[in-house]
Amino acid sequence: MSSEARASDEAAPGRRSVLVEAAVATLEDAGRPMTLQQLARAVLHVEAGGAHIGARVLSPLLAADDRLAPAAAGHWGLAAWSQRSEAIDETEFVVFDIETNGGRGGRHRVLEVGALRMRAGRKVARYASLVRVPARVSKFVSRYTGITDEMLSDAPPIETVLDEFREFQAGGVLVAHNLPTDLGYLNREAVWAGRALFPGDGLDTMELSAALLPDLPGTGLATVLEATGIKDTPTHRALDDAGVTAQLFQFLLGEAADREARRLDDLRRLAARGGPEGRHPRRARKLARWASRNLPPSPGVYIFRDSASRPLYVGKSTSLQRRVRSHFTDSAGFVRRRDGMLEQIEAIEWEPTGSELRALVREAELITVLSPTFNRHRSWRIGRRFVRVGRAEAAVTHAAAVPRDDGAAYLGPFPTSRDARLASDAARRIFELPSRRSVDKRVAAWRRDAAVAFLGVSREAALQMVEAADAEASEREALARRIRRARVLRHPVRGGLGAAPMLAITAGTTPGDAELVRINNGAIAAIESMSRPRRPTVRAALERLGKASPSRSDGNDYERPIVLAWLHAHADDPDTVDWDPELSRAFVDRVWRRVRQAAIRG
């Protein structure tokens, strides 16, 4: 059989795996490498929990197909992505820069993207675009960059700019000064916009400068330009700064050529020497650089897996990029404390989350379901900030550190341990409840229940129970007088055990969105996510929250301690409000104002 016939026969549709074809199509759409688990979920349509089984099925199929090739950190990509010319003179580089409306943290947005496409030292194309953002540009940013709200009013949205820039940079190697930061901003926008991430295999002129010019006084762009004799300076506009970065890159290519660097791999090895990971073990350096260049600085959870897709470690962070990278560069020795884990990590999976509370609960859920090898048991104790009131036949009342399933009523957390202790003392004094030293620990059931209402709900709730009690009028009146005379009332934080339900209002996963979480008795009762919310949609969401039954997570052992700890940490947060089951106009107005602010922050 001729080679032509053989090739034609091998290419016949009937000879190729449907799963492999689906994997190739998925990678083409994504435009970036993906983990086996991500491919399994997309190709086999399985949930996250079954992805590791699907990965075992896919792995040999992908390895047997020449169109696919393994990439860094357990990812797979198209072989064509790595089959372009590796000679520096034959490679096209895309030197880019971005401007944003803020610093490193938070949800700052990209305002401008500028780039130059270069080949053999010549500029062959350029791209520049402002970006329309929902919030106003601060005066500081306007002074710093010259970009004003008026300039952005007719600019395209970020989705359009991401698509245009992706098309512009396709087939080229990305280059930037401090590449992880600029990539991080772009990839965070890509996550929010539901677009594929930009590749992290580019070159960083900051790293190249540090490697090739070790005597530099600093690594900032202006400092390096001055040290290399380049007269142009940064203007803090994207295309201009991409232009001066391109001049610097050409200078560095000349320095690299003097060191016999002729191919892209040579440049990457040089750059790695100047990276901040240089002093760390080789495996740690590789993973740290991958995290810096491929993860967005967005909130989420992440999973380290070994070559057999077994989970090694699960974590969460408000910045996946920063947190995952820190595992391999942290001087405190995260990896060293987990002896043997570093050598086993073959893949890093991640997923974005919305609020900090959702990230905490999702992390605990994954740890419970996956049982990762290197996760240590986390105790969510917040100190002796609960009050225990025993059953009527043994109504011992005292401050407690941890709620237990022993039939007693637990109330809390209180703001401080002292508050819990004083509340416990007040309940014993007012309602004549026993302590652990009391000989007779029995009380009337109505007296015990009134104490629970007094501690957890309100003075009025306790009085109502006392008035309705089946007891002598004189006994009820004496107790009512003591309740009214109580001057200092200490109650659990909203949403805690035995306390009034509360509503948490947070920014959503995507800027401009918001999330409402109703918390009752220390557990998440219901969640409502809103995209671009308006007042009518907020009221409708509140109505659904009020009707919702407690979620099945109410019984999860891991959730309640996390929620209680979160409630305690956010007791004074203005975005946590008392739940109003009547949905009064004042309540809805207050929630709407907080939702609008949360969406603007996003």
Side-chain angles (χ1 to χ4, degrees), residues 71-73 82 84-98 104 115-116 118-121 172-184 198-234 241-295 321-322 324-326 328-331:
S82 60
R84 63 193 175 198
S85 172
E86 293 291 323
I88 293 175
D89 290 343
E90 299 175 10
T91 300
E92 291 194 349
F93 298 96
V94 177
V95 187
F96 77 100
D97 184 69
I98 64 169
R104 293 175 57 192
L116 296 171
M118 303 183 65
R119 181 184 177 92
V173 176
L174 290 174
V175 180
H177 198 77
N178 196 358
L179 179 68
T181 296
D182 285 359
L183 263 184
F198 289 88
D201 60 351
L203 292 166
D204 188 347
T205 54
M206 179 182 287
E207 292 180 347
L208 281 170
S209 299
L212 296 170
L213 308 170
D215 297 328
L216 285 173
T219 57
L221 181 57
T223 301
V224 178
L225 290 170
E226 182 179 0
T228 55
I230 297 174
K231 295 182 179 179
D232 291 340
T233 58
D241 288 1
V244 295
T245 303
Q247 293 182 53
L248 173 60
F249 182 56
Q250 285 304 120
F251 176 89
L252 295 172
L253 286 180
E255 295 290 315
D258 293 341
R259 303 192 186 191
E260 303 300 323
R262 299 287 185 267
R263 304 179 67 80
L264 276 178
D265 283 347
D266 299 331
L267 280 180
R268 291 191 173 108
R269 280 193 291 270
L270 283 173
R273 295 177 191 172
E277 311 90 355
R279 66 183 182 279
H280 298 284
R282 181 177 179 181
R283 180 66 177 161
R285 288 202 308 269
K286 182 178 180 180
L287 291 170
R289 287 172 64 81
W290 185 90
S292 294
R293 294 158 173 262
N294 291 276
L295 295 179
Q321 182 192 63
R322 185 167 60 249
V324 174
R325 184 183 183 282
S326 72
F328 311 112
T329 59
D330 185 6
S331 60

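Heavy atoms only: backbone and side chains are in, while hydrogens, waters and symmetry mates are out.
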For this session: Any chance you could lay out the side chain to side chain contact (heavy atoms under 4.5 Å, CB included) test for L221 and T245, step after step, and finish with the verdict?
Result: CA-CA 8 Å; L221 181 57; T245 303; 3.8 Å; yes
Exercise. Which pair of non-hydrogen atoms, one from V95 and one from A246, has the smallest distance, and what is that distance?
Worked result: CG1-N, 3.7 Å
Exercise. So, for A271 and R289, which heavy atoms are closest and what is the spacing to 0.1 Å?
Worked result: O-NH1, 4.2 Å
Seminar exercise, completed: Sequence neighbours excluded, the answer for side-chain contact (heavy atoms from CB on, under 4.5 Å) partners of Q250 is M118, L253
Exercise. Closest heavy-atom contact between N294 and G200?
Worked result: OD1-N, 3.5 Å
Seminar exercise, completed: For residues 249-274, the ring-ring contact (aromatic ring centres under 6.0 Å, His included) pairs (sequence neighbours left out) are F93-F249
For this session: Please identify each residue that fulfils side-chain hydrogen bond (donor to acceptor under 3.5 Å, both in side chains) with D232, with sequence neighbours left out.
Result: Q247
For this session: Answer yes or no: is there a donor N or O on one side and an acceptor on the other, between the side chain of R293 and the main chain of L183, under 3.5 Å?
Result: no
Problem set entry | Check ion pair R285-E207 (N to O, under 4.0 angstrom) | no
Exercise. Can you name the side-chain contact (heavy atoms from CB on, under 4.5 Å) partners of D89, sequence neighbours left out?
Worked result: none
For this session: Take V173 and D201 through the test side chain to side chain contact (heavy atoms under 4.5 Å, CB included) and record every step on the way to the result.
Result: CA-CA 7 Å; V173 176; D201 60 351; 5.6 Å; no
Exercise. Looking at residues at least two apart in the chain, or sitting in another chain, which of them share a side-chain contact (heavy atoms from CB on, under 4.5 Å) with A176?
Worked result: F96, L179, D182
Problem set entry | With R259 via side-chain hydrogen bond (donor to acceptor under 3.5 Å, both in side chains) - residues at least two apart | none
Exercise. Looking only at heavy atoms, which two atoms of L225 and P234 are closest? And how far apart?
Worked result: CD1-CD, 3.7 Å
Problem set entry | N/O donor-acceptor pair under 3.5 Å between D204 side chain and N178 backbone | yes
For this session: Output all residues satisfying side-chain contact (heavy atoms from CB on, under 4.5 Å) with D258, sequence neighbours left out; order by chain, then residue number.
Result: none
Exercise. For R262 and I88, what are the C-alpha separation, side-chain angles and deciding distance, and is it a side chain to side chain contact (heavy atoms under 4.5 Å, CB included)?
Worked result: CA-CA 6 Å; R262 299 287 185 267; I88 293 175; 5.5 Å; no
Can you list, pair by pair, the side-chain donor-acceptor contacts under 3.5 Å of residues 209-220, counting residues two or more places apart and other chains?
| unit_1 | atom_1 | unit_2 | atom_2 | d |
| --- | --- | --- | --- | --- |
| S209 | OG | T205 | O | 2.6 |

Exercise. Nearest heavy-atom pair of A288 and T329: which atoms, and what distance?
Worked result: CB-CG2, 3.7 Å
Problem set entry | Note: D266-R269 ion pair, threshold 4.0 Å (strictly below) | yes
Problem set entry | Interatomic spacing from CD in E90 to CZ in R263 - rounded to 0.5 Å | 8.5 Å
